[in-house]
Amino acid sequence: MKHFLILIFLSALLSSCITRYETDAYTITVRDSLIRENVRNAPGSGGENGTVYPSSRTTRLTRESLSYDSTYERQYPAFLRYGGIEFGGLITNSSNAGLGPGLLGVYSLADSSRISLPGHLQDSINKLPDSVKNLLPKKPTSFFKGHLFRIMPVEYQLHWFNEAPDWTIGWNAYESIAQDDSTINSLWSVGANIYIRKRFWFRDKPPYLFASPFFGISLLPSAYVNLGSELTFGSFGGFNIRAYAGLATGFTWKPFNPNNANSKSITTPYLGLGVSALDFVNKISETQHEWKDMLHSAVELSAIDIDFLDAFAGYPNLLDTTIGKLPITGISVQIASAHFPLDIWDGKFWAGTSLFKFFALGYFQGAFSVLPLRFGYRQYLIAEDLTLEPFIEANYYPSSFINLAARLRLNTFHDMTVGLILGYANGSSGAFLPKLFIPNGSKTATSFGSFYFGVSFSPKDRLNTPELVRALEKLVNW
């Protein structure tokens, strides 16, 4: 609980470092002059052959001056990287079977046939005599034995070496580097870490491609040094593909070890592949342009989407099987979604994905998907406020199912949307067992197929029109 509160505090602190404000102060002065003249003709000056005398005049000059202050505030992105969540599958020198997170560090996280038991249980099994361990079913050896996990990685420009370009300094709200499936073979840090990186660009237009050698150090709960290099391809709608090569060495302080075990020194060379979502990368030149002029690559960017579903097939209620039929039997949760415009037909088609998707039509009918493929069409009904989006979604691992639906959505223009959804889903939970998420859920693969109706709610959902995305692509050239 203490670590969770620390993460909340760090998240609030880092969220205040997104925008840089500049204010121009002006003093505007308005000056006005008023001239009044009175002319009085001299007597006898009107004769045709007489002498014309100079006219008498009365001149009044009035000047007025009004001064007032005016201010204009400009908002700029302050960061070079502002990340949400990052996963990486690591190839390490461990002799254990490995954690088994799968490709990109995410594909096998919910695969019951690949992922290891929780660390403390796995440690207990590892301590058993070999004669006993040989009787247990063996988990296949994983190619990606280790795992990298980061929450809220951030980077800012580092002003040194006479303003040498592309140097960054940053840190992570949370970071863990696991050598294998054993808890004692992992290093982790909560806020107390710092990284220095240098970027070398291969492609300087979105999506970017660059290498960044790094040196990192952590103090708590593990004291370690992490050095190496990353190859980054992104950011595209907040998604990045990353390759890693590095060496981590250090130890965890005794008070933070399981069962207060003695500290153990760990040295882990590693190679890996990973993915990050809600992770935005800027060049230094982009931080000199206002937020309103920034490039958008996605027509939708959402942190979380929640659908409360009612399956027509009459499945047991997801919340409690002892309760009679309720209007809600299941739920759909999508984490870190991005949809991108397609230049076909009238330009309103889009394709996209989510980092994770949990989909359950009933208590035993649960499924989990990593990076599902989604294709749809957006029709504007009332200006940009009300839209109708039919879509088809292919979920292939660890669960396999097809989801065909249409969503009626109201945009509140406060980064929040609400709506209704009607659809049909058919498939199997596959290698994902609902019991992993649902108490007393199915211990074996289950199949499902039903129409459903639901209510949608997205508390952090940014919608852009395809016209805006394409217009900014043409205008933005830095």
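These values consider heavy atoms only, across backbone and side chains, with no hydrogens, waters or symmetry-generated copies. The chain is numbered in sequence order, starting from 1.
Inter-residue side-chain proximity for Ile304 and Ser458 is flagged as unmet; no heavy-atom pair is nearer than 4.5 Å. The shortest side-chain heavy-atom distance between Asp166 and Trp201 falls under the 4.5 Å cut-off. At a threshold of 4.5 Å between non-hydrogen side-chain atoms, the residues Tyr377 and Phe391 do not count as touching. The closest side-chain heavy-atom distance from Tyr396 to Phe401 is not below 4.5 Å. Side-chain atoms of Arg81 and Arg199, non-hydrogen and from C-beta on, do get closer than 4.5 Å to each other.
Both cation-pi conditions hold for Arg20 and Tyr76: the charged atom is under 6.0 angstrom from the six-membered ring centre and inside a 45 degree cone around its axis. Because its NZ or CZ atom is not both nearer than 6.0 Å to the ring centre of Tyr156 and within 45° of the ring axis, Arg197 does not count as a cation-pi partner of that residue. Under the 6.0 Å distance and 45° angle rule, Lys198 counts as a cation-pi partner of Phe200.
Residues Tyr195 and Trp171 place their aromatic rings such that the two centres sit no closer than 6.0 Å. Here Phe349 and Phe375 bring their ring centres to under 6.0 angstrom of each other. Aromatic rings from Tyr82 and Phe280 are positioned such that their centres are separated by 6.0 Å or more.
Residues forming a salt bridge (Lys or Arg N to Asp or Glu O under 4.0 Å) with Asp305 (at least two apart in sequence, or on another chain): none. For Phe236, the ring pair (Phe, Tyr, Trp, His ring centres under 6.0 Å) partners two or more places apart in sequence, or in a different chain, are Phe340. The ring pair (Phe, Tyr, Trp, His ring centres under 6.0 Å) test applied to Phe308 returns no partner, not counting sequence neighbours.
Put simply, the side chain of Lys145 gets close to the backbone of Ser94: a donor and an acceptor are under 3.5 Å apart. Asn193 places a side-chain N or O within donor-acceptor distance of the main-chain N or O of Asn172, the cut-off being under 3.5 Å. A donor-acceptor pair under 3.5 Å is absent between the side-chain atoms of Ser186 and the main chain of Ile177, judged by distance alone. Side-chain atoms of Arg470 come within 3.5 Å of backbone atoms of Gly347 as a donor-acceptor pair (strictly under, hydrogens ignored). Side-chain atoms of Ser263 come within 3.5 Å of backbone atoms of Lys254 as a donor-acceptor pair (strictly under, hydrogens ignored). The backbone N or O of Tyr224 sits nowhere less than 3.5 Å from a side-chain atom of Ser218 that would complete a donor-acceptor pair. Judged purely by atom type and a 3.5 angstrom limit, Asn282 has no side-chain atom pairing as donor or acceptor with the backbone of Pro77.
Taking the six-membered ring for Trp and thresholds of 30 and 60 degrees, His147 and Phe87 have ring planes inclined between 30 and 60 degrees apart.
Between Leu187 and Ile266, the closest heavy-atom pair is CD2-CD1, 4.1 Å. Asn395 and Ser369 make their closest contact through OD1-OG, 3.0 Å (heavy atoms, listed as atom of the first residue, atom of the second, distance).
There is no side-chain donor-acceptor pair under 3.5 Å between Tyr244 and Arg242.
Between Phe368 and the options Tyr397, Phe359, Phe358, Phe356, a ring-ring contact (aromatic ring centres under 6.0 Å, His included) holds for only Phe356.
Residue Trp291 qualifies as enclosed at atom CH2: its count of foreign heavy atoms under 6.0 Å is above 12.
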